[in-house]
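Whatever order the structure lists ligands and atoms in, that order sets their numbers, starting from 1.
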Amino acid sequence: MDKLLIEGGARLSGEVAISGAKNAALPILCAALLTAEPVIFTNVPQLKDIGTLLALLGQMGVKVERAGDTVTLDASGLNNPVAPYEMVKTMRASILVLGPLVARCGEARVSLPGGCAIGARPVDQHIKGLQAMGAEVRVEHGYVHATVPRLKGARLFTDMVTVTGTENLMMAAVLADGETVIENAAREPEVVDLANCLVAMGAQISGAGSDVIRIRGVERLHGATHRIMPDRIETGTYLCAAAVTGGSVRLTGTSSCYLDAVIDKLMDAGCEVVSERDAISLSAPARLNAVSLRTAPYPAFPTDMQAQFMAINCVANGVAMIRETIFENRFMHAVELQRLGADIRIDGNTAVVQGVARLEGATVMATDLRASASLVVAGLVAEGETTIERIYHLDRGYERLEDKLAALGAKVRRLT
Ligand code: EPZ
């Protein structure tokens, strides 16, 4: 298994380009299932998760062409509305094929994704919504089996804000008979990017970005070209890497407009942030102030940035309280940060981080995507060498991580 070796202490400086958003690309690539015409996607990040999804779509009969960051999908030959366990178990976001398959084919057999390191992550809201739209859904032998001649528009209310739940139900609704209203919808920018792509394909959607999304079903969708939005979590991760090293960086191909909560916290920590139309610059003091935070659905502080902020708080002045309200087990990076010398106490879904003078390099293990990012951030400032094992987690969500960090002056190399 690959490892990452980081020699801490370098102040990050310089400029890197941010890639397309993983969590926008995953649902948007699934939207190609909704039409028999080719759909062209640009700014698609070259990530393990994207490769996994394209393989899954390919075995359904979708023609996949890829050239750099451009992907062309042609689902005219879609003939196998099945997402098998062997493929779904490696990437739970595969559940996003469920809504489009039921809408386009009238049936789908999708393996239950199962939990993951950060939580049980059930998909009951996805199923409840499809049932409300008239689908007969059976969960048996670890698969969701949904059938319906044609989905009917309905008024849907999700028990909690669910990002992929909202995305699945929005995709199911675009070909349904009549109007669907999704209440308590997720407001994440990735939901809006998906809605924009669906509208470009001929869907009739209003309210995306608010907590009430209205979809008027149409007979069919047509082909389109769509550019994936920038990855706001990759952006936030590099801002944290620069902040913790007292660095000064400029991130291009991205925007601050989806990161207000994160940028507010970085400014509270003592950083200066300058936003341009499609770039963000940050410069940081030698040592940050501790910042407390509480994760919540967009536009509040994103749970996907919690681990990275725990890392920067480890060597900040003062004490930070971090509350994780979205997932029940998203503090696994804490024990690894403690191996680097961090002072963290966990009490249920709250972590208390007391800033220490310095972290010391050690061997640590990645457990999930954002926990891995947190260990990279900590390794950049820890004294000596940090070795991060199981970095396949990182490769799922960060394109060419070591190249981009090295371009900013970090001493990092991958051991294969
Ligand atoms: C999406 O996951 C993201 N993944 C996650 O990013 C992100 O952390 C999460 O949203 C929250 O922002 C993708 O977009 C591919 P949820 P998702 O449904 O949709 C519970 C990363 O690191 N819930 O919004 O799976 C659920 O257990 C990943 O890039 C149900 O109980 O998250 C959780 O506690 C990690 N039943 C809460 O809701 C359901 O049917 C929010 O989950 C659905 C969700």
**Q** How far is atom 5 (C) of ligand 1 from the closest protein heavy atom, and which atom is that?
**A**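 Answer for atom 5 (C) of ligand 1: Asp304 OD2, 3.8 Å.
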**Q** Between Gly236 and Leu259, what is the shortest heavy-atom contact and its length?
**A**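 That closest heavy-atom pairing would be N-CD1, 4.1 Å.
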**Q** Can an N or O of Ala93 be found at a distance shorter than 3.5 Å from an N or O of ligand 1?
**A**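 N/O-N/O distance below 3.5 Å does not exist for this pair.
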**Q** Checking side chain to side chain contact (heavy atoms under 4.5 Å, CB included) between Met201 and each of Val174, Leu221, Val218, which is the one that passes?
**A**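 By the side chain to side chain contact (heavy atoms under 4.5 Å, CB included) criterion, Met201 pairs with just one of Val174, Leu221, Val218: Leu221.
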**Q** Report yes or no: does Arg92 have a heavy atom closer than 4.0 Å to ligand 1?
**A**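 Under 4.0 Å: yes for Arg92.
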**Q** Exactly one of Arg294, His333, Arg330 should register a side chain to side chain donor-acceptor pair (under 3.5 Å) with Gln306. Which one does?
**A**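 Option passing the side chain to side chain donor-acceptor pair (under 3.5 Å) with Gln306: His333.
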**Q** Would you call Gly397 a ligand 1 contact, heavy-atom distance under 4.0 Å?
**A**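 No, Gly397 has no heavy atom closer than 4.0 Å to ligand 1.
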**Q** Quick one: look up the protein heavy atom nearest atom 34 (O) of ligand 1 and list residue, atom name and how far away it is.
**A**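 Looking at atom 34 (O) of ligand 1, the protein heavy atom closest to it is Ile326 O, 2.6 Å.
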**Q** Under 4.0 Å, heavy atoms only, figure out whether ligand 1 is touched by the backbone of Arg121, its side chain, both or neither.
**A**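 For Arg121, the contact with ligand 1 is made by both the backbone and the side chain.
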**Q** Is any NZ, NE, NH1 or NH2 atom of the basic residue among Asp395 and Lys48 found under 4.0 Å from an Asp or Glu carboxylate oxygen of the other?
**A**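 Salt bridge: no.
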**Q** Would Glu234 count as a contact residue for ligand 1, given that I'm defining contact as a non-hydrogen atom of the residue lying under 4.0 Å from a ligand atom?
**A**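 Flag not set, Glu234 not near ligand 1.
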**Q** Just need the protein heavy atom nearest to atom 26 (C) of ligand 1, so name the residue and atom and give the distance.
**A**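 Scanning the protein heavy atoms, the shortest distance from atom 26 (C) of ligand 1 goes to Phe327 CE2, 4.2 Å.
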**Q** Can you tell me the protein heavy atom closest to atom 19 (O) of ligand 1 and the distance?
**A**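 Here the nearest protein heavy atom works out to Thr164 OG1, 2.6 Å.
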**Q** Ignoring hydrogens and angles, tell me if any N or O in the side chain of Lys404 forms a donor-acceptor pair with the backbone of Ala17 under 3.5 Å.
**A**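 Pair found, side chain donor or acceptor close to backbone of Ala17.
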**Q** Among Met160, Lys22, Gln306, which residue places a heavy atom closest to atom 23 (N) of ligand 1?
**A**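 Comparing heavy atoms across Met160, Lys22, Gln306, the nearest one to atom 23 (N) of ligand 1 lies in Met160.
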**Q** Heavy-atom contacts with Gln125 under 4.0 Å: which atoms of ligand 1 show up? List them by number with element.
**A**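 Per the distance check, 36 (N), 39 (C), 40 (O).
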**Q** Is the side chain of Gln338 donor-acceptor paired with the backbone N or O of Ile344 at a distance under 3.5 Å, no angle test?
**A**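 It does hold such a pair.
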**Q** What atoms in ligand 1 come closer than 4.0 Å to a heavy atom of Val161?
**A**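 Every atom of ligand 1 under 4.0 Å from some heavy atom of Val161: 24 (O), 41 (C).
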**Q** Return a yes/no value for Val163: is any of its N or O atoms, backbone included, closer than 3.5 angstrom to an N or O of ligand 1?
**A**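 By distance alone, the answer is yes.
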**Q** In terms of atom number and element, which parts of ligand 1 are under 4.0 angstrom from non-hydrogen atoms of His126?
**A**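 Once the distances to His126 are compared, the set is 40 (O).
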**Q** Which is it for Thr303 and ligand 1 at heavy atoms under 4.0 Å: side chain, backbone, both or neither?
**A**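 Just the side chain.
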**Q** How far is atom 3 (C) of ligand 1 from the closest protein heavy atom, and which atom is that?
**A**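 Heavy-atom neighbour on the protein nearest atom 3 (C) of ligand 1: Asn23 ND2, 3.7 Å.
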**Q** Answer with side chain, backbone, both or neither: which part of Thr162 has a heavy atom less than 4.0 angstrom from an atom of ligand 1?
**A**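 Both backbone and side chain.
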**Q** So which heavy atom on Asn168 is nearest to which on Pro100, and how close?
**A**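 Scanning both residues, the minimum pair turns out to be OD1-CD, 3.7 Å.
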**Q** Check the pair Thr237 / Gln308 against side-chain hydrogen bond (donor to acceptor under 3.5 Å, both in side chains), numbers first and verdict last.
**A** CA-CA 7 Å; Thr237 303; Gln308 297 90 317; 3.1 Å; yes
**Q** Taking all atoms of both residues into account, what is the closest heavy-atom pair of Ile213 and Ala186, and its distance?
**A**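 Closest approach of Ile213 to Ala186: CD1-O, 4.5 Å.
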**Q** Atoms of ligand 1 less than 4.0 Å from Arg330 heavy atoms?
**A**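 Here the atoms of ligand 1 in question are 8 (O), 22 (O), 35 (C).
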**Q** Check Leu78 against Arg104 and note the closest heavy-atom contact, atom names and distance.
**A**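 Shortest heavy-atom contact: CD2-NH1, 3.7 Å.
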**Q** I'd like to check whether Glu167 has a polar contact with ligand 1, where a contact means an N/O of the residue lying under 3.5 Å from an N/O of the ligand.
**A**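 No; every N/O pair is 3.5 Å or more apart.
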**Q** How would you list all residue pairs meeting salt bridge (charged side-chain N to carboxylate O under 4.0 Å, His left out) that involve residues 124-146, not counting sequence neighbours?
**A**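 Non-adjacent pairs meeting salt bridge (charged side-chain N to carboxylate O under 4.0 Å, His left out): Lys128-Asp159, Glu136-Arg138, Arg138-Glu140.
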**Q** Check this for me: does any side-chain nitrogen of one of Glu234 and Lys22 sit under 4.0 Å from a carboxylate oxygen of the other?
**A**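 No, no charged N to carboxylate O under 4.0 Å.
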**Q** With a 4.0 Å cut-off on heavy atoms, does Leu96 reach ligand 1?
**A**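 In this structure, Leu96 fails to qualify as a contact of ligand 1 - no heavy atom is under 4.0 Å.
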**Q** Donor-acceptor check, side chain of Thr158 to backbone of Met160, threshold 3.5 angstrom: yes or no?
**A**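 Such a contact is found between Thr158 side chain and Met160 backbone.
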**Q** Got a donor-acceptor contact below 3.5 angstrom from the Asp69 side chain to the Thr42 backbone?
**A**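 No.
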**Q** What do we get for Arg370 next to ligand 1 when only non-hydrogen atoms under 4.0 Å count, side chain, backbone, both or neither?
**A**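 The answer is the side chain of Arg370.
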**Q** Number the atoms of ligand 1 from 1 as they appear, then name those within less than 4.0 Å of a heavy atom of Pro122, with their elements.
**A**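 So the answer, numbered in order with elements, is 27 (O), 30 (C), 31 (O), 36 (N), 39 (C), 40 (O), 43 (C), 44 (C).
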**Q** Would you mind checking which non-hydrogen protein atom is closest to atom 36 (N) of ligand 1, with the distance to 0.1 Å?
**A**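 Protein heavy atom at minimum distance: Asp124 OD1, 2.8 Å.
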